[in-house]
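The structure appears right after this line, and notes come after that.
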Amino acid sequence: MHTTMSEIFEMVAKTFQGLEGVLSDELQALGAQDVTQGKRMVSFKGSLETMYKANFCCRTALRILKPIYKFRSTDADDLYEQVRQFEWDTVLSTDKTFSIDTTVFSDVFRHSRFVTYRVKDAIVDYFQEKEGKRPSIRVSAADFVLNVHISGDEVTISLDSSGAPLYKRGWRVAQTEAPINEVLAAGIIKLSGWDGQSNFVDPMCGSGTFLIEAAMIAANINPGVYRKEFAFQNWSDYDADLFDAIYNDDSQEREFNHKIYGCDVAVQAVAIAEANIKSAGLSKMIELQQRSIADWEEAPEKGVLITNPPYGERLKYQDINELYATLGNKLKFVFKGYDAWVISYGELTDLIGLRASVNYPLLNGDLECELREYKIFDGTYKEMKAEGGSIRNEGFRAADKDRGQRRPRFEETFKKRDGEKAEGKERRPRRAAGPRREGDQRPPRRFADRPRREGDERMSRNDYFHSTKHAQTVVRHQEPTLGKENERPIIRGRRNGWKRREE
């Protein structure tokens, strides 16, 4: 499936819920067309260059998907047959590996892992029938990653152009327990409006994620510069010269004339943050030291404070109360003139004791958190109001309230009606279950013998495939085993004289 450099095609960028607005701004700045926000995603159109830039430049995207096949399906057999009719040799090859990531929102298909297996079987059978051999499946680090998304009866199969999730920048060499995700950290900084024109402070920095993402934003360093590879580099239409031009273009990078300050009470956290900062090559921009929030008596010149304090899993109730009360006290009396942004869980931020100008829901992993902004001023809130002041943040950039309402119309790749052949394609006849014929290279049907019901009535294929018993069997016997993922510090690129390492 070859794509020319100038051809315009549909793409989807995945992100965290609440960051759709920031991501759409990033894509528009890159020249993307028809940008439309959905739930945890932004759809857009563009060329190969747009796709490369979206992977390399976007700070708030998790994956960039390229839809290749859309159809409607209402049962497992039809899903298998429709997947098998696609010309997979235009996308994959038998000498490459592939993996499948599935997301299902459907009353018809209730088990995402079962959908994964049926799609995998259809693809493998396609190659087995046509070429007599099959591509290999690889759970992690596959050459090609397919994304299957089912909403109701609408099935979309996409090529994942990113490979490893884009939050895996490549600079992290160590981490504290439960660090904030890089994409979420960058999204919070972008939501705050900070762009490197003032100081930046994180008094509870942990492994340094906010500090590093802030430094990259301040100097306009593209997050992809640290990555070893992207999945699109394995595609047959990969344009190496085009990507090299994007990779080596540092014309938009800029000088940072302020300072980024990070502190943490834990000595180990400071050591981990220091290692990550050195791996990213950002030590000159960041000042790091071991210090408790209670020890702050003076703040740097006016700037922005963004932090992700502990949520209490590892602190006693009395300790967490004291921590948040101390944070509120220091914000009020030490960080005067600052805009302070705190992301926290549940009602913990109420313990800060300050009136927030922004209360914005965000997901941090599986936790429903809230991002709050505090505008720090002298005196009491009543005195500030009496003088005509306001803490309202009129320019706060959230996701569009109607996101998902302007969803693009679902159009099948091969339009067809009941009883008609698909355009330019003929559906292969369904093969009856039974023994293999001599010379047949295809594997036999694995579910030819079905469990019997009372009265010796045979359960239908569709009922069996959607039964709880079958789902439990699949999960128990075919659950993939994931190997431990080890990140290495990989610094490639043209910044500060770094030499591009070729493996």
Side-chain angles (χ1 to χ4, degrees), residues 16-19 21 176-181 184-185 187-194 200-206 209-210 262-266 269 291-297 299 303-386 389-399 401:
F16 287 112
Q17 185 171 329
L19 299 184
T176 55
E177 189 174 351
I180 193 167
N181 182 285
L184 182 58
I188 289 172
I189 296 171
K190 300 286 281 187
L191 283 170
S192 76
W194 187 81
F200 182 98
V201 177
D202 182 357
M204 290 174 272
C205 67
T209 308
F210 273 126
C263 297
D264 200 280
V265 67
R291 184 198 295 185
S292 168
I293 184 65
D295 295 334
W296 282 81
E297 299 297 338
V304 167
L305 181 150
I306 301 179
T307 193
N308 175 37
Y311 298 166
E313 287 85 350
R314 298 178 301 280
L315 293 177
K316 295 180 181 179
Y317 180 77
Q318 183 177 355
D319 295 336
I320 201 73
N321 273 303
E322 183 179 348
L323 174 65
Y324 277 79
T326 300
L327 175 60
N329 183 272
K330 294 300 178 180
L331 290 179
K332 180 63 178 176
F333 296 105
V334 176
F335 291 93
K336 294 179 180 179
Y338 268 67
D339 287 340
W341 297 78
V342 180
I343 179 172
S344 194
Y345 174 63
E347 299 178 352
L348 289 174
T349 41
D350 293 338
L351 301 172
I352 292 176
L354 300 177
R355 188 185 294 265
S357 55
V358 168
N359 297 275
Y360 189 60
L362 283 175
L363 286 178
N364 185 1
D366 295 330
L367 298 178
E368 296 182 358
C369 296
E370 192 172 60
L371 176 65
R372 294 190 181 186
E373 180 196 27
Y374 302 96
K375 292 186 177 294
I376 313 302
F377 50 85
D378 282 322
T380 65
Y381 178 74
K382 289 184 178 180
E383 292 171 344
M384 183 272 294
K385 290 285 288 183
S390 174
I391 63 171
R392 296 187 65 181
N393 187 338
E394 301 289 350
F396 179 68
R397 176 58 162 118
K401 293 182 179 179

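Keep in mind it's a predicted model, so treat the numbers as computed, not measured. Sequential numbering from 1 along the given sequence is applied to the chain's residues.
Considering only residues two or more places apart in sequence or on other chains, Arg355 meets the side-chain hydrogen bond (donor to acceptor under 3.5 Å, both in side chains) condition with none of them. Residues satisfying the side-chain contact (heavy atoms from CB on, under 4.5 Å) test with Ala325, not counting sequence neighbours, are none. Taking Asp295 as the reference, nothing meets the side-chain hydrogen bond (donor to acceptor under 3.5 Å, both in side chains) condition, with sequence neighbours excluded. For Glu373, the side-chain hydrogen bond (donor to acceptor under 3.5 Å, both in side chains) criterion is met by Ser357, Lys375, Asn393, not counting sequence neighbours. Scanning for salt bridge (charged side-chain N to carboxylate O under 4.0 Å, His left out) contacts around Asp366 gives an empty result, with sequence neighbours left out. Residues passing the side-chain hydrogen bond (donor to acceptor under 3.5 Å, both in side chains) test with Trp296: none are found, sequence neighbours excluded.
When all heavy atoms of Val265 and Ser292 are compared, the closest pair comes out as CG2-CB, 3.8 Å. The heavy-atom pair separating Leu348 from Tyr324 by the smallest distance is O-CD2, 3.3 Å. Closest heavy-atom contact between Val334 and Ala299: O-CB, 3.5 Å. Contact between Phe200 and Ile306 at its shortest, heavy atoms only, is CE1-CD1, 3.6 Å. The minimum heavy-atom distance linking Phe210 with Ile180 is given by the pair CZ-CD1, 3.7 Å. In plain terms, the two heavy atoms of Gly328 and Leu354 that are nearest each other are O-CD1, 4.0 Å.
Atom CD1 of Ile376 and atom CZ of Phe333 lie 10.5 Å apart (nearest 0.5 Å). Remark: Ser344 OG to Ile320 CD1 distance equals 7.0 Å, nearest 0.5 Å. One finds the CG atom of Leu323 at 8.0 Å from the CD1 atom of Ile293 (value rounded to the nearest 0.5 Å). A distance of 6.5 Å separates CG of Leu371 from CG of Leu191, quoted to the nearest 0.5 Å. Atom CG of residue Asn329 and atom CG of residue Leu327 lie 9.5 Å apart, to the nearest 0.5 angstrom. Residue Tyr360 holds its OH atom at 11.0 Å from CD1 of Ile343, rounded to the nearest 0.5 Å.
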Going through the distances and angles, do Thr209 and Asn181 end up as a side-chain contact (heavy atoms from CB on, under 4.5 Å)?
CA-CA 8 Å; Thr209 308; Asn181 182 285; over 6 Å; no

Worked check of side-chain contact (heavy atoms from CB on, under 4.5 Å) between Val304 and Trp341:
CA-CA 8 Å; Val304 167; Trp341 297 78; 4.1 Å; yes

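Exactly one of Val358, Asp339, Val342 qualifies for a side chain to side chain contact (heavy atoms under 4.5 Å, CB included) with Tyr374. That residue is Val342.
Put simply, the side chain of Lys336 never gets that close to the backbone of Leu331: no donor and acceptor are under 3.5 Å apart. Formation of a donor-acceptor pair under 3.5 Å by the Asp264 side chain with backbone atoms of Gly206 is found in this model.
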